[in-house]
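Side chains are part of it too, since the values below use all heavy atoms of this structure and drop only hydrogens, waters and symmetry mates.
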Amino acid sequence: MSKKKNKVSPIKSSHPKKTKLKKETIGKRDNKMAKFGFPLLLFILFILIYQYIFNSTLNTNGDNYAYINYASAILDGHGYAAPNTPQYKPTNWFPPGYSSMLAVLMSVFGKNVFILKLFNGFLFFGISILIYKIFSEITEKPTLPAVVGALILCNFGLLRLSTQIMSEVPFSFFSILAVYCTIKLRNTKEFLRSRYFYLMILSVAIAYYTRSVGIVLIASIFLYLMIQKKWKVAGGFIAGVGILYLPWIIRNSIHGIEGRYVGTIMTVNPWRPEAGKISSVGEFIDKMQVNLYDTVLSGFPQSIFSFSDFASMSTTSFYILGTIVLAVVLFGAWRLPKINVLISLYILGNIAIFLIWHGGNSIRYVHPLSPILIFCFYYGIVELIKIIFLSLKLKIPSWLPFCFLGVIFLHLPRLGDLNKKSKERLHPGMTNYFQLAKNFKTKNEDGAVVICRKPGMFHYYSNAFTYNYKYSLDDKEIIERFINQDVDYVVIDQLGYGSTSRYLVPAIQKNQELFKTVEQLENPDTYLLKFDIEAARKKFGL
């Protein structure tokens with residue numbers, strides 16, 4: 001009998017070893033997939049999508065040209081200044097961060113639009129990878145973060161911005177990088193020896209230098225560190241960001257440049273100055289209600305479900321959908337392990353800024369926040385499903401996150417739209433505008449000042465000094481501004497902006513004797529007018 005027991009014994013004892021070996025093999029395979037497999041798949045998806053939608057030409061949003069113009073001024077030794085204005089007047093119209101990045105690239109590759117756009121493209125891919133790394137680390141489950149990373153790469157709004165020379169994508173990248181570094185510092189005792197501490201400070205400073213809404217990032221990380229009772233880290237963080245931002249404060253003080261954001265907050269609509277300033281608490285509350293609907297309740301669904309066309313939705317439907325989406329996002333943020341406070345503070349802080357900012361924004365300011373919104377939304381959905389399954393005592397399927405991959409197919413039509421857009425010719429009005437600027441460059445009129453709707457764009461092709469006209473219904477105010485700016489020429493465009501027909505054209509029609517047509521391009525009619533500044537001085541007694 002003992003022999004039989006001896007024969008059986010080894011067989012029984014071998015089962016645990018085989019099971020353990022199998023688990024270790026599966027674990028190693030899962031770790032490799034999490035560390036290398038999912039990032040590689042995201043990279044392949046990025047390459048496939050980005051080459052499909054990439055547009056190598058400059059976008060006709062005037063800010064694209066402004067950022068390049070400011071970068072050129074930096075390279076030419078004029079500092080952060082507007083090169084389209086006489087004497088290269090120092091500016092703070094945009095924070096200097098993004099133009100400084102472009103200046104570094106241009107110092108190596110020249111004014112190569114393809115390279116400048118590609119830079120934004122790789123930062124966009126970086127956003128997807130950072131979202132994957134952050135949330136796979138804190139949830140210890142890489143599947144949902146990988147799926148959300150793929151959905152971010154298909155997001156219409158982010159993709160469109162990633163092929164433009166705009167600051168939203170760089171800002172989003174460095175903001176999320178700062179969050180990643182903050183997470184890596186969670187269990188670090190000697191933070192001064194950690195590279196993540198210094199990278200966190202640098203990332204936050206770059207984000208703040210890129211877009212002023214970065215103040216929310218600073219406040220969120222600082223409050224999170226204080227709540228975690230990491231007093232020294234919080235103090236070092238604020239000191240570090242303050243030191244890096246101090247040169248900009250000193251520079252603006254030397255040049256007597258004041259921040260424009262407080263004034264903007266108290267403006268009803270910066271594109272309609274005649275609407276005036278907010279003058280009562282009631283008006284401010286009304287503005288906040290408008291922004292709640294316009295930017296949050298409609299902007300959040302549009303950023304998350306960028307594959308949908310919401311044009312036909314009623315206001316009531318938007319209120320209902322937006323409220324549900326906001327609730328799921330905040331629920332998902334709060335259910336996050338370890339960093340729920342940080343992410344919740346960051347989302348709520350951005351919402352606070354959206355509410356007090358000027359109206360007429362819609363989704364434009366939501367885009368940098370959308371990668372975090374997208375993850376929190378889908379994580380909130382998963383957590384709600386888990387609660388339901390647990391209440392019914394059902395097993396939660398491990399393949400649940402993969403169900404969201406079906407959303408990618410909903411994105412395909414919008415990706416097709418971007419592909420078509422990349423091949424479209426310029427609008428005839430824009431073509432004429434650019435041609436007029438190129439023709440002006442051949443005139444070799446050094447120092448000439450031109451009034452036009454998009455000063456940065458006209459300067460880019462003409463090298464002329466350029467200003468926008470004043471948005472006023474009073475023709476005298478507009479003409480007096482021309483006189484004060486020593487204007488030589490005025491452009492009447494057909495770019496499709498209502499301000500030209502609302503402000504500029506009526507002022508010219510009321511003072512036709514002060515303007516003479518120098519050049520006209522047809523289909524559509526675009527004019528270059530010579531301004532008689534001496535006759536204007538006599539007429540207005542200046």
Side-chain angles (χ1 to χ4, degrees), residues 54-73 76 82-86 102 106 110-117 160 163-166 420-469 471 478 482 485-509 512 514-533:
F54 186 76
N55 189 337
S56 60
T57 60
L58 265 174
N59 186 270
T60 52
N61 180 324
D63 290 354
N64 287 252
Y65 294 85
Y67 284 119
I68 295 178
N69 289 337
Y70 292 150
S72 297
D76 293 339
N84 60 299
T85 59
L102 296 179
M106 288 164 58
K111 199 179 289 186
N112 188 318
V113 174
F114 175 82
I115 295 295
L116 301 183
K117 287 192 168 195
R160 183 172 56 85
T163 64
Q164 297 180 22
I165 299 178
M166 296 284 283
K420 291 178 183 177
K421 188 73 175 176
S422 68
K423 299 174 183 177
E424 283 182 359
R425 293 184 177 181
L426 283 175
H427 182 275
M430 193 66 69
T431 301
N432 280 0
Y433 186 79
F434 291 159
Q435 189 59 53
L436 205 66
K438 292 173 184 176
N439 293 347
F440 190 87
K441 187 175 183 179
T442 63
K443 294 178 181 293
N444 294 320
E445 292 194 34
D446 294 337
V449 178
V450 181
I451 291 291
C452 49
R453 175 60 180 83
K454 287 292 184 178
M457 292 165 62
F458 199 87
H459 168 79
Y460 183 85
Y461 291 106
S462 69
N463 284 338
F465 293 128
T466 54
Y467 290 110
N468 198 354
Y469 44 82
Y471 290 6
I478 293 175
F482 290 178
Q485 293 174 332
D486 293 322
V487 169
D488 299 295
Y489 295 93
V490 178
V491 174
I492 298 180
D493 64 80
Q494 296 285 353
L495 299 179
Y497 297 103
S499 59
T500 299
S501 58
R502 183 177 179 84
Y503 305 118
L504 179 62
V505 173
I508 292 173
Q509 289 175 337
Q512 293 185 35
L514 302 180
F515 301 90
K516 178 183 178 182
T517 301
V518 175
E519 186 175 356
Q520 177 184 356
L521 300 180
E522 298 179 344
N523 300 319
D525 291 333
T526 306
Y527 298 91
L528 178 67
L529 308 178
K530 177 68 177 176
F531 176 60
D532 190 339
I533 192 169

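Of all non-hydrogen atoms in Val491 and Val450, the two that sit nearest each other are CG2-CG1, 3.7 Å. Nearest heavy atom pair, residue His459 against residue Pro83, reads CE1-O, 3.4 Å. When all heavy atoms are compared, the tightest approach of Asp488 to Lys530 is O-CD, 3.4 Å. Contact record, Pro428 with Asn523: CB-O, 3.7 Å, taken as the closest heavy-atom pair. Shortest non-hydrogen contact noted between Lys454 and Tyr433 is O-OH, 3.0 Å. Nearest heavy-atom pair, Tyr527 versus Leu436, reported as atom, atom and distance to 0.1 Å: O-CD2, 3.7 Å.
Between the side chain of Gln512 and the main chain of Gln509, a donor-acceptor pair closer than 3.5 Å is present. Using modelled atom types, one side-chain atom of Thr466 and one backbone atom of Pro455 make a donor-acceptor pair closer than 3.5 Å. Side-chain N or O atoms of Asn432 include none that pairs as donor or acceptor with a backbone N or O of Thr526 at under 3.5 Å. Of the possible donor and acceptor atoms, none in the side chain of Asn64 sits under 3.5 Å from a partner among the backbone N and O of Leu58.
Note that NE2 of His427 is 8.5 Å distant from CG of Leu495, once rounded to the nearest 0.5 Å. Rounded to the nearest 0.5 Å, atoms CD (Glu445) and CZ (Phe440) are 5.0 Å apart. The distance from the OH atom of Tyr67 to the CD atom of Gln164 is 11.0 Å, given to the nearest 0.5 Å. For the atom pair CG of Asp486 and CD1 of Ile533, the computed distance is 5.0 Å after rounding to the nearest 0.5 Å. Distance CD1/Ile492 to CG/Leu504: 6.0 Å, rounded to 0.5 Å. Separating the CZ atom in Phe465 from the CD atom in Gln485 is a distance of 13.0 Å, to the nearest 0.5 Å.
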| task | Under the ring pair (Phe, Tyr, Trp, His ring centres under 6.0 Å) rule, what do Phe515 and Phe531 come out as? Steps first, then yes or no, please. | result | CA-CA 5 Å; Phe515 301 90; Phe531 176 60; 5.3 Å; yes
| task | Just do the ring pair (Phe, Tyr, Trp, His ring centres under 6.0 Å) check on Tyr503 and Tyr469 with the steps written out, would you? | result | CA-CA 8 Å; Tyr503 305 118; Tyr469 44 82; 7.1 Å; no
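Lys111 places a side-chain heavy atom less than 4.5 Å from the side chain of Ile68. Looking at heavy atoms from C-beta onward, Asp493 lies out of side-chain contact with Met457 at the 4.5 angstrom threshold. Contact of the Asn69 side chain with the Asn84 side chain is not registered, since no non-hydrogen atoms from C-beta on lie closer than 4.5 Å. Residues Leu529 and Lys516 have side chains not in contact (no heavy-atom distance under 4.5 Å, counting atoms from C-beta outward).
Considering only residues two or more places apart in sequence or on other chains, Leu426 meets the side chain to side chain contact (heavy atoms under 4.5 Å, CB included) condition with Thr60, Met430, Thr431, Phe434. Annotation: ring-ring contact (aromatic ring centres under 6.0 Å, His included) contacts of Phe54 (sequence neighbours excluded): Tyr50, Phe114.
Gln494 and Asp525 form no side-chain donor-acceptor contact under 3.5 Å, judged by distance and modelled atom types alone. A donor and an acceptor atom, one from each side chain of Asn55 and Thr163, are nowhere located under 3.5 Å apart.
For Lys421, the NZ atom is loosely surrounded, since the number of other residues' heavy atoms within 6.0 Å does not exceed 12.
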